[in-house]
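We count residues from 1, following the sequence as given.
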Amino acid sequence: MRFADRREAGELLGRAVAERNPIDPLVAALPRGGVPTGFEVAKALECDLDVLVVRKVGVPYQVELAMGAVGERGVVVRNREVMRAAGITEAAFQAVVAAETAELEARVGIYREVAAPIEHAGRTVIVTDDGLATGSTALAAIDIARAGRAREVWVAVPVAPADSIRKVAKVADQVVVLQRPQRFMAVGAWYRDFSQTTNDEVRDLLRRSREGR
């Protein structure tokens, strides 16, 4: 099954998450593509929506291949298996981390202008994205939510490969995935419309969520 767009994927995902009855949920969407999906999940749960800003740390000569991720509150996650396979030294890793951290801080400023952060403490934080690839970004998001003393941390995505689901399931309290294709290829392959989500769209959805949609 291919999803029409992130909105349809979010509507279907919201129903699946709602069936599990999370206690005091907070949807923490990964910008940018995870926000349209997360908006629909939050609507289904009738709960708060926030962003959880993280940046993938890509291999320098193959930027789409994640060797880790960085997030708010100074969280850094390494995928040591990828680092070893790609021959990445710690110094090279830190150089990419520094660049991605600068971009992360810029995005945090853009989104926080319209939506102050919502505390995670005591809540079921549901990390949403439009899909998982390596899972590195979701792992960083889980660490951030744990640091915020979340009651539980769930990950909910429309599509993901089995190996990434297993990796994330080791550290998340629950993982909700609609499609688990054997031949994954890429997240965008499972959408008919996978056009880029803009910062303005993210800001608009955050405003709408704070204004009661």
Side-chain angles (χ1 to χ4, degrees), residues 1-54 69 71-72 75 77 115 117-182 184 187 190-191 194 197 202 205-206 208-210 212-213:
M1 171 187 173
R2 293 177 71 205
F3 304 104
D5 54 21
R6 293 180 180 90
R7 178 176 179 177
E8 180 188 71
E11 290 173 349
L12 296 171
L13 187 61
R15 293 174 203 162
V17 174
E19 289 175 356
R20 301 195 183 198
N21 297 312
I23 297 171
D24 193 15
L26 164 65
V27 172
L30 299 179
R32 293 176 289 200
V35 178
T37 305
F39 181 84
E40 299 301 330
V41 175
K43 187 187 297 184
L45 296 174
E46 298 182 344
C47 73
D48 294 325
L49 170 70
D50 198 7
V51 288
L52 209 166
V53 186
V54 292
E72 290 186 88
V75 174
V77 174
I118 299 174
E119 290 297 319
H120 294 173
R123 305 189 68 171
T124 300
V125 176
I126 302 169
V127 176
T128 64
D129 204 350
D130 50 20
L132 291 181
T134 65
S136 293
T137 306
L139 291 173
I142 292 167
D143 285 347
I144 294 165
R146 297 264 189 234
R149 296 177 290 114
R151 175 194 181 98
E152 291 188 342
V153 184
W154 297 15
V155 174
V157 295
V159 61
D163 57 343
S164 295
I165 295 170
R166 286 192 294 268
K167 189 188 307 181
V168 171
K170 288 179 180 178
V171 292
D173 294 289
Q174 292 201 45
V175 179
V176 183
V177 183
L178 300 179
Q179 296 288 329
R180 305 175 180 219
Q182 290 184 340
F184 176 71
V187 172
W190 300 95
Y191 288 82
F194 198 65
T197 303
V202 171
L205 290 171
L206 287 172
R208 287 169 58 189
S209 72
R210 303 299 168 99
R213 302 178 192 89

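- The two residues Val41 and Gly10 come nearest to each other via the heavy atoms CG2-O, 3.8 Å.
- Every pair passing salt bridge (Lys or Arg N to Asp or Glu O under 4.0 Å) that includes a residue from residues 163-174 is listed here, sequence neighbours excluded: Arg146-Asp173.
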Test log, rule side-chain contact (heavy atoms from CB on, under 4.5 Å), inputs Val35 and Thr197
CA-CA 8 Å; Val35 178; Thr197 303; 5.6 Å; no

Step by step, work out the side-chain contact (heavy atoms from CB on, under 4.5 Å) result for Phe194 and Phe3.
CA-CA 9 Å; Phe194 198 65; Phe3 304 104; over 6 Å; no

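- Considering every non-hydrogen atom in both Ala141 and Leu30, the closest pair reads CB-CD2, 3.8 Å.
- Within the 4.5 Å cutoff, the side chain of Gln179 has no heavy atoms near those of the Val157 side chain.
- Rounded to the nearest 0.5 Å, atoms CG (Asp50) and CD1 (Ile126) are 13.0 Å apart.
- Taken to the nearest 0.5 Å, the CG atom of Asp48 stands 4.0 Å off from the CD1 atom of Ile118.
- In terms of modelled atom types and a separation under 3.5 Å, the side chain of Arg180 and the main chain of Pro161 share no donor-acceptor contact.
- The two atoms that bring Pro22 and Val17 nearest to each other are CD-O, 3.6 Å, heavy atoms only.
- For Ala28 against Val125, the heavy-atom pair with the smallest separation is CB-CG1, 3.7 Å.
- Residues His120 and Leu52 are in side-chain contact: their nearest non-hydrogen atoms beyond the backbone lie under 4.5 Å apart.
- Among all heavy-atom pairs drawn from Ala9 and Leu178, the shortest one is O-CD1, 4.1 Å.
- Nearest heavy atoms, Val187 versus Ala133: CG2-N, 4.4 Å.
- Pairs of residues two or more places apart, or lying in two chains, that qualify as salt bridge (Lys or Arg N to Asp or Glu O under 4.0 Å) and include a residue from residues 6-30 are Arg6-Asp130, Arg7-Glu11, Arg7-Glu40, Asp24-Arg123.
- How far CG of Leu132 is from CZ of Phe184: 7.5 Å, rounded to the nearest 0.5 Å.
- Within the 4.5 Å cutoff, the side chain of Pro181 has heavy atoms near those of the Val159 side chain.
- Every pair passing side chain to side chain donor-acceptor pair (under 3.5 Å) that includes a residue from residues 149-158 is listed here, sequence neighbours excluded: Glu152-Trp154.
- Atom CG of Asp5 and atom OG1 of Thr37 lie 9.0 Å apart (nearest 0.5 Å).
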